[in-house]
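The structure appears below as structure tokens.
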Amino acid sequence: MIKAIDRFLDHLTMYRLVFYYLIALVSAAFGLGFVKLVPHDPIALAFTTALALAACWITNKIFARVFEVPANNESVYITALILVLILDPVAVSDLKGIAAVAFTSVWAISSKFILAVGRKHLFNPAALGVALSALLLDQPATWWVGGTLPLLPLVLIGGMLIVRKLRRLDLVSTFIAMALATIMATSDPSQYWTALAETLGSSPLLFFAFVMLTEPLTAPTMRWPRIAFAAITGFLFAPDIHIGSFYFTPELALLAGNLFAYAAGPKGRFVLTLERIEHSAADSFDFIFRSPRKLAFEAGQYLEWTLGLDHADNRGNRRYFTVASAPTEETVRLGVKFYPQSSAFKRELMTMKPGSTIHAAQLAGNFTLPAKRETKIAFLAGGIGITPFRSMLQYLLDRKERRPIVILYGTESQQDIAYRDVLDAARQELGIKTIHAVARGCERGQYPGYIDERLIRLAIPDFPDRTFYISGPQAMVKTLRQTLLAMGVRRSRIKVDYFPGFA
């Protein structure tokens with residue numbers, strides 16, 4: 001069951017999954033409205049949905065053109081649908097309500113451009129929009145999606161899929177635990193059960209955690225800042241937390257958390273200019289970009305890359321890829337493998353010429369070298385999954401830093417082997433040996449077939465003492481992780497390359 005779910009999730013981008021989830025919630029609420037199981041008129045809900053979508057789309061188009069950045073329609077639709085689910089639906093005749101929805105939508109989208117530092121927006125757009133609506137128009141969000149019990153199963157199921165996709169259980173569980181603990185601490189002991197039941201069944205706690213809190217552009221990417229962000233937001237989320245007569249609402253709790261996330265996380269969005277394209281292996285290319293300023297990152301981390309697409313497919317115009325260059329290099333390198341049925345993003349990428357630009361942000365990932373140089377390491381790579389290891393090896397080469405590393409690199413054929421120059425230099429200058437596992441056309445000195453238990457035992461006899469890094473196709477990563485566990489390697493010694501997207 002879990003494997004089937006993961007296969008489904010692997011073929012959806014994070015943005016598309018959230019988009020489908022919100023569509024399902026709005027559609028369910030619309031249907032339930034006809035049988036009076038939700039507190040709102042379905043016609044008013046449909047009108048509000050159309051209004052919010054139109055206002056957000058138009059605003060985004062205008063600001064994207066003014067600020068000359070790629071328009072991301074998925075992000076626009078997600079923001080609009082969130083507003084639909086937390087603002088009271090308005091009727092066609094309710095001019096004040098219509099103005100409030102339009103105002104909230106415009107400010108939610110414009111905040112991505114106006115309230116941005118280094119081309120990166122500071123606040124969760126929907127949270128800022130409803131906060132301004134409450135402050136300036138006295139039209140607060142009611143968060144009705146959280147108080148509608150018939151929608152709770154859908155909120156839970158879809159929310160758990162999002163958490164699974166993003167691998168953000170630590171974020172969501174910390175937030176919920178802190179919010180519940182604070183609510184209990186500020187409630188009368190005789191009301192504990194009531195407070196708990198109302199919080200879980202009639203408050204926006206779960207929807208807020210699954211959708212608002214996990215929004216990647218305004219949440220920390222590294223583990224401990226992410227947990228601190230969840231704890232701060234969870235504490236302020238509790239309804240009885242106040243400063244004097246000022247009480248926090250869910251959106252204000254999130255905005256406060258966003259300020260912490262900005263202070264704790266990497267700053268800004270980069271506009272990178274293509275310098276050249278290199279052919280790294282069969283169907284694989286490296287795009288080498290110039291950056292307006294030095295990109296500070298750790299070898300093995302990834303970026304979110306954004307292109308302006310006229311006609312995006314179901315994978316959208318934002319993708320996550322590892323930075324293949326080393327922090328010591330002047331250029332930023334993106335290594336990509338192309339398939340016969342590549343996505344619209346990759347097709348657009350392949351049309352780029354020197355001088356073309358791409359936007360990059362959301363530097364993240366803990367698939368990085370251990371702090372202790374003496375730690376014994378094994379790199380297990382498959383296909384284009386060699387990119388984070390290329391970054392690490394080039395970094396070590398530039399620093400002339402020796403580490404006890406063994407590399408197992410699996411490919412389908414000789415033509416699929418990428419970065420031979422870096423692998424050869426690492427062997428000659430640092431003594432880092434690479435054992436190639438080639439499925440077809442194996443040559444002398446290489447292992448015939450794929451990376452398996454037999455190869456691991458032959459090539460790495462001291463495997464119980466090593467920390468394993470695995471990067472490659474999802475199926476390979478999962479299989480090798482299970483193999484290592486069955487061989488007795490501790491879970492804490494297995495690191496897998498993960499980022500929230502399907503390449």
Side-chain angles (χ1 to χ4, degrees), residues 25 39 82-83 85-88 104 122-153 155-156 159-160 162-163 168-215 218-220 223-264:
L25 284 172
I82 290 173
L83 294 178
L85 291 164
I86 64 179
L87 293 171
D88 273 339
T104 304
L122 184 59
F123 296 111
N124 180 285
L128 184 73
V130 296
L132 289 176
S133 177
L135 176 66
L136 301 177
L137 302 182
D138 195 26
Q139 294 282 329
T142 59
W143 296 87
W144 62 268
V145 64
T148 306
L149 201 57
L151 290 177
L152 183 59
V155 169
L156 279 171
M160 288 187 289
I162 292 173
V163 172
R168 289 294 184 262
L169 182 60
D170 56 353
L171 173 72
V172 172
S173 59
T174 300
F175 165 77
I176 291 176
M178 177 59 77
L180 291 177
T182 307
I183 289 169
M184 293 295 102
T186 55
S187 299
D188 187 277
S190 63
Q191 298 297 313
Y192 278 173
W193 176 250
T194 300
L196 185 63
E198 288 182 354
T199 300
L200 294 176
S202 303
S203 84
L205 177 78
L206 297 176
F207 177 82
F208 181 96
F210 294 141
V211 176
M212 308 289 283
L213 195 72
T214 57
E215 202 273 326
T218 53
R223 177 176 173 79
W224 292 113
R226 187 166 66 235
I227 289 175
F229 162 72
I232 291 168
T233 309
F235 173 76
L236 297 177
F237 181 90
D240 289 331
I241 296 300
H242 61 95
I243 301 174
S245 60
F246 177 82
Y247 283 78
F248 283 88
T249 59
E251 59 269 21
L252 292 177
L254 183 55
L255 296 179
N258 291 157
L259 288 174
F260 168 81
Y262 173 75

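A quick note: this is a predicted structure, and the numbers were derived from the prediction, not measured.
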Nearest 0.5 angstrom please: [X] [atom1] to [Y] [atom2], how far?
X      : Y      : atom1 : atom2 : answer
Ile183 : Leu205 : CD1   : CG    : 6.5 Å
Asn258 : Leu252 : CG    : CG    : 11.0 Å
Phe175 : Leu180 : CZ    : CG    : 8.5 Å
Leu200 : Ile176 : CG    : CD1   : 8.0 Å
Asn124 : Met212 : CG    : CE    : 4.0 Å

How would you list, by chain and number, every residue that makes a side-chain contact (heavy atoms from CB on, under 4.5 Å) with Pro39, sequence neighbours excluded?
Thr148

Those residues at least two apart in sequence (or on a different chain) that pass side-chain contact (heavy atoms from CB on, under 4.5 Å) with Ala134 are Pro140

State, to 0.1 Å, how close [X] and [Y] come at their nearest heavy-atom pair, and which atoms those are.
X      : Y      : value
Leu87  : Ala141 : CD2-CA, 4.0 Å
Leu151 : Leu25  : CD2-O, 4.2 Å
Leu152 : Gly201 : CD2-CA, 4.5 Å
Pro225 : Ala264 : CB-CB, 4.1 Å
Ser173 : Asp170 : OG-O, 3.4 Å
Thr214 : Ala209 : CG2-O, 3.4 Å

Flag the pair [X] / [Y] as yes when at least one side-chain heavy-atom distance between them is below 4.5 Å, and no otherwise.
X      : Y      : result
Leu85  : Trp144 : yes
Leu254 : Leu213 : yes
Leu122 : Leu259 : yes

Starting from the C-alpha separation in whole Å, work towards a yes-or-no answer on side-chain contact (heavy atoms from CB on, under 4.5 Å) for Leu83 and Val130.
CA-CA 8 Å; Leu83 294 178; Val130 296; 3.8 Å; yes

Aromatic plane relationship, Trp143 with Phe208 - under 30° parallel, 30 to 60° tilted, over 60° perpendicular:
tilted

Check residues 233-248 and write down every donor-acceptor pair under 3.5 Å in which the side-chain atom is one partner and the other belongs to a residue at least two apart or another chain.
unit_1 : atom_1 : unit_2 : atom_2 : d
Thr233 : OG1    : Phe229 : O      : 2.8
His242 : ND1    : Gly244 : O      : 2.6

Do Arg168 and Arg226 pass the side-chain contact (heavy atoms from CB on, under 4.5 Å) test, and can you show the C-alpha distance, the side-chain angles, and the key distance before you say yes or no?
CA-CA 9 Å; Arg168 289 294 184 262; Arg226 187 166 66 235; 3.5 Å; yes

For the CG atom on Asp188, are there more than 12 heavy atoms of other groups (residues, nucleotides or ligands in this structure) within a distance under 6.0 Å?
yes

